[in-house]
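Take a look at the structure below.
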Amino acid sequence: MSESIQPKAALYIVATPIGNLADITGRAIEVLKSVDLIAAEDTRHSGRLLQHFGIGTRMTSYHDFSEDSRVESLLQKLSSGLSVALISDAGTPLISDPGYRLVVRARAAGITVVPVPGVCALTTALCVAGLPSDRFVFEGFVPAKRAARIKQFEEWLAESRTLIFYESPHRILECVEDLLTVFGPDRHVVLCRELTKTFETIHGDTLGNLLPWIQSDSNQQRGEFVVLIKGAEVVQSEEISAEALRVLEILLEELSVKQAASLAARITGVKKNLLYQRALLADKA
Ligand code: SAM
């Protein structure tokens, strides 16, 4: 059953397509046509979308660097009874996109905030990646600088849920190199590129195979990416003997996680990555 939407004085958070324009919802078009104002991240970019759907609603710009006065002005319009729709360049606003500040302030001011859901790159990727989707972690964009990115990846080593993040084409190659360095050749990773667009590619493999694959084809380094990492195998204590655990615990008192795991592996013969994951858990406890 579909219900006609009568925009009232509310802030509508409207998802738009991430590639294929046919992915916009009927409700999104209806809302965008009927509101008094559309706040868009980039009015020129969104102008093309609105034109495509014959939407003539007035636009104003709103982004993360908008001054407080811009937020105030939108809140005043909403308080005076106007309806406003927020859209970003693609997908769902607030998901690695502007809008958080506006939503917080609107809700605090008692203004109704209405979701108009639709496409989001992260859920689009997750539903086709073939990785566990019952529990997952979304990390937005990873740091652009290599040292910070590697540090971030190291913090994720023992995470057993599927890890998802966004990456730009300029860094995708370096990013896969760093993933291989930190997670090793056996970890399964899926790259979702240009989702819903002409060159859509969903490619999953172990990092040992994924790096040469992406290195050998520059086309695979172009476009927009969602990266998904299979979570760490949960280490059962039984796989590590009591003696190995004892050695690891003693070494952890004196050494870093990496050094302790490496030395414990040499002493006990247990696989280094099992001990490393175990040591990370102990370190966080
Ligand atoms: N709000 C958007 C959403 O709902 O997913 C995300 C905005 S964020 C600024 C843009 C990033 O999302 C891109 O750099 C890319 O990592 C990812 N992304 C957006 N569209 C995509 C697509 N069609 N295919 C793959 N990744 C995409």
Side-chain angles (χ1 to χ4, degrees), residues 122 125-143 145-167 171-192 202-215 225-285:
L122 105 92
L126 182 62
C127 68
V128 291
L131 294 180
S133 54
D134 50 344
R135 295 172 73 223
F136 61 90
V137 186
F138 174 60
E139 286 282 345
F141 285 97
V142 289
K145 296 235 168 77
R146 190 154 224 172
R149 191 166 56 230
I150 288 182
K151 191 163 172 279
Q152 172 92 86
F153 290 163
E154 283 173 347
E155 281 168 18
W156 296 349
L157 258 172
E159 175 57 64
S160 59
R161 293 167 292 184
T162 298
L163 283 149
I164 308 173
F165 63 93
Y166 291 159
E167 188 53 286
R171 289 189 291 270
I172 190 68
L173 189 56
E174 272 193 7
C175 172
V176 176
E177 285 169 4
D178 295 346
L179 285 171
L180 177 61
T181 305
V182 175
F183 290 89
D186 298 331
R187 186 67 77 94
H188 196 88
V189 165
V190 181
L191 300 181
C192 293
I202 296 142
H203 186 84
D205 210 331
T206 58
L207 282 165
N209 292 332
L210 200 61
L211 182 61
W213 175 79
I214 194 168
Q215 274 170 337
F225 290 87
V226 182
V227 182
L228 302 95
I229 310 172
K230 187 162 191 261
E233 302 292 337
V234 178
V235 184
Q236 303 296 335
S237 296
E238 307 87 72
E239 291 181 50
I240 305 173
S241 66
E243 178 56 13
L245 274 179
R246 199 181 69 82
V247 171
L248 181 65
E249 273 161 22
I250 294 169
L251 293 172
L252 273 173
E253 285 171 16
E254 306 289 336
L255 303 171
S256 72
V257 166
K258 220 172 187 167
Q259 289 168 325
S262 170
L263 203 52
R266 279 172 55 199
I267 296 168
T268 64
V270 174
K271 275 192 193 156
K272 191 166 83 181
N273 65 343
L274 282 184
L275 289 164
Y276 187 67
Q277 281 176 35
R278 183 73 201 186
L280 280 175
L281 291 176
D283 197 44
K284 280 184 185 158

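For this chain, numbers begin at 1 and follow the sequence in order.
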Handout entry: Side-chain ion pair, R246 and E243, N-O less than 4.0 Å
Key = yes
Problem - Worked verdict on F225 versus C175 for side-chain contact (heavy atoms from CB on, under 4.5 Å) - result: CA-CA 11 Å; F225 290 87; C175 172; over 6 Å; no
For [X] versus [Y], what's the shortest heavy-atom pair and its separation?
| X | Y | answer |
| --- | --- | --- |
| A279 | V257 | CB-CG1, 3.8 Å |
| K272 | S262 | CD-CA, 3.6 Å |
| A125 | C192 | CB-SG, 3.8 Å |
| Q152 | P143 | OE1-CD, 3.7 Å |

Has [X] got a side-chain atom pairing as donor or acceptor with [Y]'s backbone, closer than 3.5 angstrom?
| X | Y | result |
| --- | --- | --- |
| E174 | R171 | no |
| T162 | P132 | yes |
| R187 | L157 | yes |
| T268 | A264 | yes |

Exercise for the section: Please step through side-chain contact (heavy atoms from CB on, under 4.5 Å) for the pair L126 and V226, ending with a clear verdict. Expected result: CA-CA 9 Å; L126 182 62; V226 182; over 6 Å; no
From [X] atom [atom1] to [Y] atom [atom2], the distance as rounded to the nearest 0.5 Å:
| X | Y | atom1 | atom2 | value |
| --- | --- | --- | --- | --- |
| R278 | E249 | CZ | CD | 7.5 Å |
| E139 | F153 | CD | CZ | 10.0 Å |
| L207 | K230 | CG | NZ | 12.5 Å |
| L275 | L280 | CG | CG | 11.0 Å |
| I214 | L191 | CD1 | CG | 5.5 Å |
| L228 | F165 | CG | CZ | 8.5 Å |

So [Y] and [X], do their side chains get closer than 4.5 Å, heavy atoms only?
| X | Y | result |
| --- | --- | --- |
| D205 | W213 | no |
| I240 | L248 | no |
| V137 | W156 | no |
| Q215 | L173 | yes |
| D178 | V142 | no |
| I267 | L263 | yes |

Exercise for the section: Taking atom CZ of R146 as the centre, report whether more than 12 heavy atoms of other residues, nucleotides or ligands fall under 6.0 Å from it. Expected result: yes
Handout entry: Whether F141 and Y166 hold their rings parallel, tilted or perpendicular, with breakpoints at 30° and 60°
Key = perpendicular
Exercise for the section: Would you sort out whether L211 and E177 count as a side-chain contact (heavy atoms from CB on, under 4.5 Å), showing the intermediate values? Expected result: CA-CA 7 Å; L211 182 61; E177 285 169 4; 3.7 Å; yes
Handout entry: Verdict with reasoning, E167 to R149, per side-chain contact (heavy atoms from CB on, under 4.5 Å)
Key = CA-CA 11 Å; E167 188 53 286; R149 191 166 56 230; 4.3 Å; yes
